[in-house]
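Here's the structure we're looking at; comments come further down.
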Amino acid sequence: HPPFEASSLLFELNHVSVLQVSSLHHSDCVIKREHEKCMERMAEDDPENDLEFGCPWLWDNLTCWQPARVGEVVVVSCPELFIQFMSEEDDELGKVSRNCTEDGWSETFPHYVDACMFDEPNTTHEHPDMYYVSVKALYTVGYSTSLVSLCTAMVILCRFRKLHCTRNFIHMNLFVSFILRAISVFIKDGVLYAEEDSNHCFLHTVECKVVMVFFHYCVLSNYFWLFIEGLYLFTLLVETFFPERRYFYWYTIIGWGTPTICVVIWAVLRLHFDDIGCWDMNDNAGIWWVIKGPVLASIMINFVLFIGIIIILVQKLQSPDIGGNESSIYLRLARSTLLLIPLFGIHYTVFAFSPEDVSKRERLVFELGLGSFQGFVVAVLYCFLNGEVQSEIKRKWRSWTVNRYFAVDLKHRHPSLASSGVNGGTQLSILSKSSSQIRMSSLQAESPAT
């Protein structure tokens, strides 16, 4: 078995494009879940009723067949396992049937492969598990790259006090949300899919559920801080004067507090009404909307804010005070737009409101694979390539270089000072004081003569 299941990708994808979880499950977990349901139905059935039927309950390792009388034909839909083999044009799964004969159940007709497998001429299908392994490798590299770059960016923004302002504080909170999101993905994969067998399909431990709660909180917080970035920039452009510190207080409450409320409500509802497995599957749509609703709302509002900011930028760039020809205006507008797309998470709107069964594989690659690099892109654009950050780093580098040069120079010119245990900074202050005193004495000596 592969070291993870397709649903591990869909946990993340649920927050990204709100794709239904049941659309791409790994075969082991799907079969085990269907087998469990079949056993429950058999247990609930009265054994005395089986005497009326010529063919009893049957689990054929793919489908659960209910009892039937001799001569009856039972028709069922293809197992959920075959959803991943469907073409985009197919609206529903195929049908298979069995006849109840005097000798028992007949073979399935048509065969599962013929009825349920999509077979297009001249098309070779990659094994689904290999596809999921490739996507998992892609998002693992993406989140690892983002994690390293975001941690480096956080060190830079925290180290230099001149970079401490409301705008950068919001960036730092966004960086932290990206860091937590990446960590939560690695923890989830480590806890749920540590073993290469399919025992993870029916984990019921408290540890497993806590991991899923933490994962949902981190992803939801990330979306809310993307929303706050858009809200802050829009407010900055619309209002001339506004108390940034007071706004930042409310931004913090929205960014970290609202996801807490949503996740707590979701966990309580799951505990009382849908306490099944590890809380990794979200078959109850009503409960899942507690998480899915805020995600969709943040994506939609951010898209509206993005359009509003672009309109404001067009108006400002066309102002005669800005100057420049038409091509330079469009160039600056395009640059501003490209900078805002990763900061607002606008790329999530590509599939967020499209039908759930459209381009499932493309969604995985675009939103899970490429989306995992979003933190890296944001760190590069808003820290490493930021002019203010680069200027501060250059200033600190020049200051360190000058101090080091004078410290080495003093060591050679004044060995007695160097050997006396006085550091370079103290030597510089002594020399500056002595030089100023010499200058003052010379001026006093020259003043009587004049």
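These figures come from a predicted structure and were not determined experimentally.
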- Query: By disulfide bond (SG atoms under 2.5 Å apart), which residues pair with Cys38, not counting sequence neighbours?
  - Reply: Cys64
- Task: Name all residues meeting the side chain to side chain contact (heavy atoms under 4.5 Å, CB included) criterion together with Ser221; count only those two or more places apart in sequence or in a different chain, and write none if there are none.
- Result: Tyr217, Trp256, Pro259
- Message: Tell me if a side-chain donor or acceptor on Asn222 pairs with a main-chain N or O of Arg181 at a distance below 3.5 Å.
- Response: no
- Message: Could you report the tightest heavy-atom contact between Ile187 and Phe214, atom names first, then the distance?
- Response: CD1-CE2, 4.1 Å
- Message: Is there a side-chain contact between Tyr143 and Phe186 in this structure, where contact means two heavy atoms from C-beta onward sitting under 4.5 Å apart?
- Response: yes
- If only atom types and distance count, is the side chain of Thr258 paired as donor or acceptor with the main-chain N or O of Gly255 below 3.5 Å? no
- Message: Treating Asn302 as the side-chain partner and Leu226 as the backbone partner, does any N or O pair qualify as donor plus acceptor under 3.5 Å?
- Response: yes
- Query: Is a salt bridge present between Asp60 and Arg98, judged by a nitrogen-to-oxygen distance below 4.0 Å?
  - Reply: yes
- Task: Sequence neighbours left out, what passes ring pair (Phe, Tyr, Trp, His ring centres under 6.0 Å) with Tyr382? Give chain and number order.
- Result: His171
- Query: Hey, are Tyr251 and Thr166 close enough side-chain-wise for a donor-acceptor pair under 3.5 Å?
  - Reply: no
- Task: For residues 157-180, pull every pair meeting salt bridge (charged side-chain N to carboxylate O under 4.0 Å, His left out), keeping only residues two or more places apart or in separate chains.
- Result: Arg167-Glu388
- Query: What residues, two or more places apart in sequence or in another chain, satisfy side chain to side chain contact (heavy atoms under 4.5 Å, CB included) together with Phe376?
  - Reply: Thr145, Ser146, Ser149, Val380
- Message: Do Met212 and Lys209 have side chains that approach each other closer than 4.5 Å (heavy atoms only, starting at C-beta)?
- Response: no
- Given Trp288 and Asn284, is the side-chain contact (heavy atoms from CB on, under 4.5 Å) satisfied, shown in steps? CA-CA 6 Å; Trp288 179 236; Asn284 192 320; over 6 Å; no
- Those residues that, when tested against Cys218, pass disulfide bond (SG atoms under 2.5 Å apart) (two or more places apart): none
- Item | Residue list, ring pair (Phe, Tyr, Trp, His ring centres under 6.0 Å) with Trp59, at least two apart or on another chain | His35
- Task: Fit a plane to each ring of Phe169 and Phe248, take the angle between them on a 0 to 90° scale, and name the class: parallel (under 30°), tilted (30 to 60°) or perpendicular (over 60°).
- Result: tilted
- Query: side-chain hydrogen bond (donor to acceptor under 3.5 Å, both in side chains): which pairs involve residues 99-110, sequence neighbours left out?
  - Reply: none
- Main-chain N/O of Leu157 paired to His164 side chain as donor or acceptor, under 3.5 Å: yes
- Message: Atom CZ of residue position Phe384 - does it have more than 12 heavy atoms of other residues, nucleotides or ligands inside 6.0 Å?
- Response: yes
- Task: Only counting residues at least two apart or in another chain, list the ones meeting side chain to side chain contact (heavy atoms under 4.5 Å, CB included) with Ser391.
- Result: none
- Shortest non-hydrogen contact from Phe227 toward Ser298: CB-CB, 4.2 Å
- Within 45° of the axis and under 6.0 Å from the centre of the six-membered ring of Trp289, does NZ or CZ of Lys292 qualify? yes
- Item | Contacts of type salt bridge (charged side-chain N to carboxylate O under 4.0 Å, His left out), residue Arg41, not counting sequence neighbours | none
- Message: For Leu163 versus Ile156, what's the shortest heavy-atom pair and its separation?
- Response: CD1-O, 4.1 Å
- Kindly indicate, with the supporting measurements, whether the criterion side-chain contact (heavy atoms from CB on, under 4.5 Å) is fulfilled by Leu150 and Thr152. CA-CA 5 Å; Leu150 288 165; Thr152 305; over 6 Å; no
- Task: Starting from the C-alpha separation in whole Å, work towards a yes-or-no answer on side-chain contact (heavy atoms from CB on, under 4.5 Å) for Ile309 and Leu233.
- Result: CA-CA 8 Å; Ile309 291 173; Leu233 184 56; 4.0 Å; yes
- Query: Partners of His111 by ring pair (Phe, Tyr, Trp, His ring centres under 6.0 Å), sequence neighbours excluded?
  - Reply: none
- Query: What do the steps show when you test Asp189 against Tyr139 for side chain to side chain donor-acceptor pair (under 3.5 Å), and what is the final call?
  - Reply: CA-CA 12 Å; Asp189 287 350; Tyr139 83 67; 2.6 Å; yes
- Query: Side chains of Phe373 and Leu138: does their closest heavy-atom pair fall under 4.5 Å?
  - Reply: yes
- Message: Run the side chain to side chain contact (heavy atoms under 4.5 Å, CB included) test against Val377 and tell me which residues pass, sequence neighbours left out.
- Response: Pro342, Leu381
- Given Phe215 and Val213, is the side-chain contact (heavy atoms from CB on, under 4.5 Å) satisfied, shown in steps? CA-CA 5 Å; Phe215 171 75; Val213 170; over 6 Å; no
